Amino acid sequence: MSQEKRIALIKQLLEERQELTTKDIMAEFGVSQDTARRDIVLLAQRGEVKRTHGGILPLDFGHQVLNYQKRLSQFTEEKTKIALEATNYFNPHHVYFIDASTILLKTCQNINLPITVITHSLDNCLALAEQNKVTIKALGGAFDHESRFFYSNQALNELDTIEFDTAFIAASGIDEKGLYILKQEDAQIVSRAVARSRKVILVAEHQKFVNTSYYRICTPDKISLFITDRPLTQKQRVIFPETTKIQVAGESTSR
């Protein structure tokens, strides 16, 4: 394969995954480390990618939050691992809040226990409707077509009457001040659910530590367990209190 053809395929793969390492390029195209590095250097010199230590990112990485359908179309193996890891934290006869998220949609598709789930996500409801053991309670209101959730003041009031065993939430951005999502109404619903939960489980990839969202769900100290795709750096770990367990999807124990 010529370098130009490989470069075009690398750009296409980068658009799908939003991050590539030298090892990813080596594995995908069966090339040596030196060849992969030359491709990276060429892409960076052309100004077509953002070069990082050990890999590349899209030029607009960290400057946009993809809409729900775009994120669903770019569902990665890492997201699948996180989603399946989350299924290990459901217990029969418990009451759960499940956020509107592509990862948590995948989780909903893989649980079938005698549990009660409250959600404002249309897609979660549709997925759980296929699981005959799950009792589903949908929060109603106006429908956000882009992010596919329902919102109303009545839904907020209804959440105030519920005590959740666990809330499963996602985030489009994480920093030392909190967890954030793109839509204000969505943040209000999730924030209320967090406040009404005995335990809060966050699912998010490591890229979410680049925060470009505006609406805070909660502060990091509210998170009981964080399920992610890579071990956290020291800088990322200190965002959360020591009481927050960090679980890398696929690893046997949480830390």
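Please read all numbers here as calculations on a predicted model, not as lab measurements.
Taking the ring-ring contact (aromatic ring centres under 6.0 Å, His included) definition, one finds that Phe240 meets it with Phe226, sequence neighbours left out. Applying the side chain to side chain donor-acceptor pair (under 3.5 Å) rule to Thr219 yields the partners Asp221; only residues at least two apart in sequence or on another chain are considered. Judged as a ring-ring contact (aromatic ring centres under 6.0 Å, His included), and not counting sequence neighbours, the contacts of Phe90 are Tyr96, Phe168. Residues satisfying the salt bridge (charged side-chain N to carboxylate O under 4.0 Å, His left out) criterion with Arg37, sequence neighbours excluded, are absent altogether. Evaluation of the ring-ring contact (aromatic ring centres under 6.0 Å, His included) rule for Phe164 yields Phe97 as partners, not counting sequence neighbours.
Here the side chain of Ser213 pairs no donor or acceptor atom with the backbone of Tyr215 at under 3.5 angstrom. In terms of modelled atom types and a separation under 3.5 Å, the side chain of Asp99 and the main chain of Ser101 share no donor-acceptor contact.
Annotation for Glu163: atom CD counts as buried by contact number, over 12 foreign heavy atoms lying within 6.0 Å. Around NZ of Lys183, the count of heavy atoms belonging to other residues, nucleotides or ligands within 6.0 Å exceeds 12. Within 6.0 Å of CD in Gln3 there are more than 12 heavy atoms belonging to other residues, nucleotides or ligands.
No side-chain heavy atom of Leu225 sits under 4.5 Å from any side-chain heavy atom of Thr244. Between Gln12 and Leu9 there is a side-chain heavy-atom pair separated by less than 4.5 Å. Side-chain contact between Ile181 and Arg216 is absent, with no heavy atoms from C-beta onward closer than 4.5 Å. With a 4.5 Å cut-off on side-chain heavy atoms, Val134 and Asn112 count as touching. The side-chain heavy atoms of Asn124 and Leu105, taken from C-beta on, include a pair separated by under 4.5 Å. For the pair Arg198/Thr166, no side-chain contact is recorded, criterion being any heavy-atom separation below 4.5 Å from C-beta on. With contacts defined as side-chain heavy-atom distances shorter than 4.5 Å, the pair Lys137/Ile162 does not qualify. By the 4.5 Å heavy-atom criterion applied to side chains, Val190 and Asp186 are counted as neighbours.
Under a hydrophobic clustering in which Ile, Leu, Val, Met, Phe, Trp and Tyr are joined whenever their side-chain heavy atoms come within less than 4.5 Å, directly or via other members, Phe29 and Leu43 fall into the same cluster. One hydrophobic cluster holds both Val194 and Ile118 under the rule that ILVMFWY side chains link at heavy-atom gaps under 4.5 Å. The hydrophobic clustering, which links ILVMFWY residues whose side-chain heavy atoms are closer than 4.5 Å, places Leu232 and Ile169 together. Put simply, Met26 and Ile7 are part of two different groups of oily side chains (I, L, V, M, F, W, Y) that touch within less than 4.5 Å, one to the next. Hydrophobic clustering (side-chain heavy atoms under 4.5 Å, transitive across Ile, Leu, Val, Met, Phe, Trp, Tyr) groups Val203 together with Leu113.
Between Lys81 and Asp229, no side-chain nitrogen of the basic residue sits less than 4.0 Å from a carboxylate oxygen of the acidic one, so the salt-bridge criterion is not met. Using a 4.0 Å cut-off between charged side-chain N and carboxylate O, Lys11 and Glu4 make no salt bridge. In this structure, Lys208 does not pair ionically with Glu19, as no charged nitrogen and carboxylate oxygen lie closer than 4.0 Å.
Other members of the cluster containing Phe143 are Leu122, Leu126, Phe150, with ILVMFWY side chains joined at under 4.5 Å, either directly or via other members.
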